[in-house]
There are 2 protein chains.
Amino acid sequence: MTTIYDVARRSGVSPATVSRVLSGRRNVDPALAEKVQAAVAELGYRPNGVARNLRRSSTNLWAAVISDIENPFFTSLVRGLEDVAQTEGYHVVLCNSDEDPAKEAAYASAVLTEQMAGVVISPSSTADGVLQLHEAKTPMVLIDRKVAGVEADSVLVDNEHGATEAVRHLLDGGYRRIACITGPPQVSTAMDRLAGYRAALSGAGVSYDADLVRHADFREAGGFAAMASLLGLAEPPEALFVTNNLMTVGALECLAERGLRAPDDIAVVGFDDLPWANLVVPPLTTVAQPTYELGRRAGVLLRERIADPSRPPSTVILPTELNIRATSTPRTR
Amino acid sequence: MTTIYDVARRSGVSPATVSRVLSGRRNVDPALAEKVQAAVAELGYRPNGVARNLRRSSTNLWAAVISDIENPFFTSLVRGLEDVAQTEGYHVVLCNSDEDPAKEAAYASAVLTEQMAGVVISPSSTADGVLQLHEAKTPMVLIDRKVAGVEADSVLVDNEHGATEAVRHLLDGGYRRIACITGPPQVSTAMDRLAGYRAALSGAGVSYDADLVRHADFREAGGFAAMASLLGLAEPPEALFVTNNLMTVGALECLAERGLRAPDDIAVVGFDDLPWANLVVPPLTTVAQPTYELGRRAGVLLRERIADPSRPPSTVILPTELNIRATSTPRTR
DNA sequence: CTGTTAGCGCCTTCAA
DNA sequence: TTGAAGGCGCTAACAG
């Protein structure tokens with residue numbers, strides 16, 4: 001491996017000067033600089049990033065600890081983050097926590113031992129990793145979900161409001177018996193969206209019926225099972241609000257399997273868009289989230305946090321958008 | 001920051017012994033080991049990964065350079081890779097090349113300066129980065145696509161055969177005027193799948209008609225435009241074979257926009273599954289690829305390449321599977 | 001089995 | 001403006 005010493009020798013200067021030329025700072029005699037550049041080119045020299053990291057005691061890595069890399073919601077978010085990282089000279093290390101607190105904690109450990117510059121994390125239920133990172137004062141941005149008792153930079157959407165809008169839309173359609181499939185009680189988005197559901201009901205004078213609520217795991221199979229359970233009720237719901245995309249897919253599959261259709265047999269609104277929602281027939285009404293923007297804003301906050309670790313934490317709340325399509329708008333009603 | 005020296009002092013041994021205890025190798029007196037562990041716990045010591053990397057002159061990072069992180073094909077693949085990485089003690093750095101040779105080359109540079117342990121890469125059209133990495137002898141696995149003139153470990157699917165099967169299925173359905181929307185001519189998968197299309201036609205004695213072939217960019221918008229162009233023909237096609245998932249989505253959207261339906265107005269087969277293909281109505285016939293397995297096998301090859309850099313390159317070719325659903329099977333014909 | 005020692009490659013004072 | 005030198009934290013030789 002060619003080192004900075006080889007370049008120095010070749011160009012007849014000291015390693016310090018080579019370093020200065022390469023890092024572009026300080027004043028260096030242009031003639032020397034040129035010699036150095038020439039030597040770099042001739043030798044095909046490439047600085048050793050690891051050595052630089054050790055010396056500077058910081059790396060140019062960001063970790064993205066997310067709970068399901070196969071969910072398009074997170075994919076798009078990661079892309080927004082990666083775009084910021086790239087322009088800021090960072091790389092993104094992908095950490096798939098699978099909603100598993102143990103995995104999350106393991107990744108948090110890795111973040112610390114590998115001296116990563118910062119973390120963007122969507123906390124799992126018990127948020128073990130978040131607490132660890134918070135304590136270590138690692139630059140961290142929470143995304144998608146809050147963690148009780150942790151004051152940190154966050155990028156969220158207005159979950160309660162988005163849910164309220166969705167359910168109000170169903171109420172406006174004349175539906176009264178509206179079910180809700182939401183996520184684990186430990187996850188803030190699950191509870192915030194459920195709260196929005198309740199708020200909409202109470203705003204319309206419809207009483208809350210716990211029998212119509214199911215908690216699942218934010219995955220397809222969970223949505224399927226919850227739907228099946230709701231259909232088993234003596235008096236099944238007329239309408240359904242599902243608080244994430246994959247569970248919506250599961251619910252729709254359950255309906256399809258039983259020959260039931262939205263919106264004629266049951267109206268459906270999902271939280272979070274599906275990539276080709278308009279190809280699903282009938283097109284699915286959703287509460288869309290600005291996923292790319294969520295990731296992008298997280299990247300921006302992280303950069304700012306790294307630049308100034310002492311600034312007070314800030315929270316960005318982005319709006320959702322109700323996309324009314326066919327599954328909530330029957331022709332006859 | 002607490003260092004290995006602090007632990008050594010605290011436990012009354014040398015730093016070397018601490019290192020030995022922590023890395024779990026060599027025999028160390030259990031009594032000493034225990035003391036060390038105690039000191040580690042008391043001090044909350046955490047080894048500095050960067051220093052270790054410098055000393056060992058290798059990191060525990062793998063790069064995944066892929067051409068479109070938002071395509072579920074790559075997402076699933078990355079997940080397979082990440083699962084192997086995790087069990088092998090590596091982390092995956094996500095690099096989204098966006099099909100842009102310049103970005104690919106920039107990431108290849110980063111791989112080298114950051115001394116990453118290996119790379120899994122889906123080459124962009126000109127494969128600038130691949131050549132750079134190949135020359136530098138970085139452990140590398142090509143995935144999804146070949147690169148002319150580069151002998152390297154590869155994980156591919158049997159593209160030509162998969163395409164032939166798909167088109168033969170359409171021919172069996174009685175279709176003769178079959179169009180093909182494929183990717184950029186520089187990308188091996190685009191050409192291999194096109195070759196499969198031609199092989200099927202010629203096997204059935206149907207002559208090849210270049211007017212029925214379109215090259216697009218493997219993205220949704222490209223598929224849409226290509227479909228529009230095909231529909232503009234004096235004599236539009238009766239059936240369509242599209243060589244990737246996103247372009248299929250684009251083509252279907254174009255059809256939907258014009259009130260055309262598959263399979264009644266035009267039969268459709270896509271290459272590569274869509275996550276909720278069965279919710280798309282009518283369900284889409286596809287050539288499914290084992291995406292997760294592609295990523296997993298790439299991880300396995302990379303590990304082996306790192307363990308033995310001199311072994312001859314090997315190529316894994318995985319089978320595709322034709323999933324016949326509704327868009328290629330009209331009721332009346 | 002344990003300790004001493006010498007770097008890994010770079011950057012950054014400090015002195016000239 | 002440039003060079004000399006120390007050290008970031010760790011581990012692998014080498015001695016003991």
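Given the structure is predicted, the values throughout are model-derived calculations rather than measurements. Order of the sequence lines fixes the chain letters, A, B, ..., with proteins taken first and strands second; residue numbering starts at 1 for each chain.
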Of all of residues 36-44 of chain A, which get a heavy atom below 4.0 angstrom from DNA chain C, listed by number?
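Of all residues in residues 36-44 of chain A, none places a heavy atom under 4.0 Å from DNA chain C.
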
Euclidean distance, atom [atom1] of residue [X] to atom [atom2] of [N] [Å, nearest integer]:
X	N	atom1	atom2	result
B:Q115	C:dC8	CD	P	13 Å
A:R9	C:dG9	CZ	P	12 Å
B:D29	C:dG3	CG	C1'	14 Å

Can you give me every donor-acceptor pair (side chain of residues 300-307 of chain B, partner residue at least two apart or in another chain, under 3.5 Å) with its distance?
{"residue": "B:R303", "atom": "NE", "partner": "B:E88", "partner atom": "OE2", "Å": "3.1"}
{"residue": "B:E304", "atom": "OE1", "partner": "B:R311", "partner atom": "NH2", "Å": "3.0"}
{"residue": "B:R305", "atom": "NE", "partner": "B:D153", "partner atom": "OD2", "Å": "2.6"}
{"residue": "B:R305", "atom": "NH1", "partner": "B:P309", "partner atom": "O", "Å": "2.8"}
{"residue": "B:R305", "atom": "NH1", "partner": "B:R311", "partner atom": "O", "Å": "2.8"}
{"residue": "B:R305", "atom": "NH2", "partner": "B:D153", "partner atom": "OD1", "Å": "3.3"}
{"residue": "B:R305", "atom": "NH2", "partner": "B:D153", "partner atom": "OD2", "Å": "3.0"}
{"residue": "B:R305", "atom": "NH2", "partner": "B:R311", "partner atom": "O", "Å": "3.0"}

Please list every donor-acceptor pair under 3.5 Å in which a side-chain atom of residues 42-52 of chain B meets a protein atom from a residue at least two apart or in another chain.
{"residue": "B:E42", "atom": "OE1", "partner": "B:R10", "partner atom": "NE", "Å": "2.8"}
{"residue": "B:E42", "atom": "OE1", "partner": "B:R10", "partner atom": "NH2", "Å": "2.3"}
{"residue": "B:N48", "atom": "OD1", "partner": "B:V50", "partner atom": "N", "Å": "2.8"}
{"residue": "B:N48", "atom": "OD1", "partner": "B:A51", "partner atom": "N", "Å": "3.0"}
{"residue": "B:N48", "atom": "ND2", "partner": "A:Q115", "partner atom": "OE1", "Å": "3.4"}

Partner set under salt bridge (Lys or Arg N to Asp or Glu O under 4.0 Å) for A:E99, not counting sequence neighbours:
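Once residues adjacent in sequence are excluded, the partners of A:E99 under the salt bridge (Lys or Arg N to Asp or Glu O under 4.0 Å) criterion are A:R145.
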
Pairing residues for A:P185 by the side chain to side chain contact (heavy atoms under 4.5 Å, CB included) criterion, not counting sequence neighbours
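A:P185 satisfies side chain to side chain contact (heavy atoms under 4.5 Å, CB included) with A:M191, A:H215 only.
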
Using the test side chain to side chain contact (heavy atoms under 4.5 Å, CB included), find all partners of B:D217 that sit at least two apart in sequence or belong to another chain.
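Per chain and number, B:D217 pairs via side chain to side chain contact (heavy atoms under 4.5 Å, CB included) with B:R219.
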
Donor-acceptor pairs are to be reported for all side-chain atoms of residues 31-41 of chain A against protein atoms at under 3.5 Å, with residues two or more places apart or in another chain.
none

With a cut-off of less than 4.0 Å, is there a side-chain N or O of B:T17 near OP1 or OP2 of C:dG3?
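It does, given that an N or O in the side chain of B:T17 lies less than 4.0 Å from OP1 or OP2 of C:dG3.
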
Any salt bridge linking B:E82 with B:R79? Criterion: basic side-chain nitrogen under 4.0 Å from a carboxylate oxygen.
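Here B:E82 does not pair with B:R79 in a salt bridge, since their nearest N and O are not under 4.0 Å apart.
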
Can you give one letter per nucleotide of nucleotides 4-11 of chain D, 5' to 3': B if a protein heavy atom sits under 4.0 Å from the base, S if only from the sugar-phosphate, - if neither?
B-BBBBBB

What residues, two or more places apart in sequence or in another chain, satisfy ring pair (Phe, Tyr, Trp, His ring centres under 6.0 Å) together with A:Y292?
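So A:Y292 forms no ring pair (Phe, Tyr, Trp, His ring centres under 6.0 Å) with any residue.
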
